[in-house]
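Take a look at the structure below.
If you're wondering where the values come from, they're calculated on a predicted model, not measured in any experiment. We name chains A, B, ... by the order of the sequence lines, and we start the count at 1 in each one.
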Amino acid sequence: MDSIIEVQELKREYVTRHGFWKREKRVVKAVDGISFAVRRGEIFGLLGQNGAGKTTTIKMLTTLLAPTGGTCKVLGWSTFGEEKRIRARINFIFGGEMGVYRRLSARDNLRYFSNLYLIPRKEQDVRIQKILGLVELAERADDLVETYSKGMIQRLQIARGLINDPEILFMDEPTVGLDPVGARMLRDIIRRLKEDGKTVLLTTHNLAEVEELCDRLVVINKGKLIASGTPAEIKADSETLEDAYVKLIEGVSA
Amino acid sequence: MSLAVLLSTMRVQMKQSFARPMFRFCLIANPILNTILLYEMFRGSGEENFMAYVVLGAGLMGLWGCICFSSAGDINRERYSGTLALIFATPVSFPVIILGKIIGNTVMSLLTLGISLVTAVVLYRVPLTLESPLYFLLALLAAVLAFVVISSVVACLLTLSRKTELYMNCIEVPVVLLCGFVFPVSVLPEAVRVFSYALSPTYAVELLRLSVWGVNDPAVFWQKLGILLGLTALYAILSALLYRKIDRRVRVTATLEVA
Ligand SMILES: Nc1ncnc2c1ncn2[C@@H]1O[C@H](COP(=O)(O)OP(=O)(O)OP(=O)(O)O)[C@@H](O)[C@H]1O
Ligand SMILES: [Mg+2]
């Protein structure tokens, strides 16, 4: 089995209701029949405009959301129905200031999640200290998270995502809010993960980052796939990946 | 391993709850104020032992308030802080985490009983007697179990909805009234009492009061305890069934997160 992630004709609709008196049903096709595959050891990019369906796709891949159609397999298992086979072996990082216990310290956050990932007690302290060093939070590890800056919370997110030494790491805009040094640190971590044979699927709006990191990528627009390939293939004869991306998006909007 | 998860969830939950001013208010100020309120109401009632309705009543109201606002509210707090999705996606089964949270909160909330006792003693120096301490201990354990199970049913349902705050406000006071926390259920109209006797806290409260007054006929105590445990088991089964449904449902309706 070469593909560690397999997505075929994947669909997800959201049903929302509007109005107070006349409850009007509206259906948003957030992901509308996309297919792609990721090989073990790849760094794979998921690109697209705001609202394109990137986060929705990642949520389906990380067992958080049920697809409304198509197949969505991670490590050979379906993410809805066979999620128990997957969860211990993956992890995910969502950008922004969410997803941490603000009234606990970084160390307590990590200790709690190592319990939830069933990491043996004996290993926990060593692993947590190592990861804290990796994201450069060791010095502030025992302060409450509510006293942290945005970027420090983001570093803690990254640390949490690494806690179970995942085979696949999903990252949704992981560099949002990081300073340049922090962003480089994250890129280094991602490259190191690749050297260790891990797979990374990430979304970002920073195309230079994509060019630097990704082995392959797909571009989605309004829930549909509009391009896929290596950064060089997508760039083709454009000057930069950004030029190529803008052309692609303008091409489908025209 | 589940035990480790349960214990660490309890610890995290207690730390977090206690850090919230609203929880501290429910835990500490509420039982004091309720004790004062109930004392003034019962002063001329002819009831001699203020333990049963004043201390126990105020303590139980506080306990239930804490449980309602924390167990239910925590789901929403975690939803808004983005951690609900994170804990949901770990290899640990979700009900174990929820259970850990609920037990943590309930254990901490027992403090309300102590606080209303101290309030009554310090402020009023009224006669307080506990006739059957051993029965009381047993009743208290059963009551804690009943409250834990009832909260897990509530928490389960609330995982589904983002309107959690509304619902938990809706259930707090009705349970206080229906289950006879501060007056005997017998004063309620017969049609309403049907609901009272379908709710497990009703029996828990009666057992506690019985042991405050003194258990003269142990058979009555054991019978009520049997009903309480039976109902609690029923609720536990219901909550297990609900959880199975909800585990899939939240991923279909996308209610683990806001937007
Ligand atoms: N829970 C939800 N309920 C209703 N609609 C939703 C929900 N979540 C997302 N959507 C809609 O689905 C579409 C895709 O959203 P998604 O978050 O996947 O986009 P994205 O590619 O991650 O965008 P961004 O770059 O802004 O993060 C959008 O139109 C969004 O409004
Ligand atoms: Mg997004």
Rounded to the nearest 0.5 Å, how far apart are CD of B/Gln16 and OH of A/Tyr112? 8.5 Å
On a heavy-atom basis, which atom in [X] and which in [Y] lie closest, and how many Å separate them?
{"X": "B/Val5", "Y": "A/Asn115", "value": "CG2-O, 3.7 Å"}
{"X": "A/Phe92", "Y": "B/Ala85", "value": "CZ-O, 4.2 Å"}
{"X": "A/Gly99", "Y": "B/Thr83", "value": "C-CG2, 3.6 Å"}

Surrounding CZ of A/Arg85 (heavy atoms of other residues, nucleotides or ligands, distance under 6.0 Å), is the total greater than 12? no
Just so I know, are the side chains of B/Leu256 and A/Lys59 near enough to count as touching, which here means a heavy-atom distance under 4.5 Å? no
Within the structure provided, determine whether B/Asp247 and A/Glu83 are in side-chain contact (heavy-atom separation under 4.5 Å). yes
Sort out for me which of A/Arg102, A/Met60, A/Lys84, A/Arg87 touches chain B most, counting heavy-atom pairs under 4.5 Å. A/Arg87
Does any backbone or side-chain atom of B/Ile97 lie under 4.5 Å from a heavy atom of chain A? Answer side chain, backbone, both or neither. side chain
Given a strict heavy-atom distance threshold of 4.5 Å, which part of B/Ser93 is in contact with chain A: side chain, backbone, both, or neither? neither
Which bit of A/Val100 comes within less than 4.5 Å of chain B, counting heavy atoms only: side chain, backbone, both or neither? backbone
Does the structure place the NZ or CZ of A/Arg103 under 6.0 Å from the centre of the six-membered ring of B/Phe18, at an angle of no more than 45° from the ring's axis? no
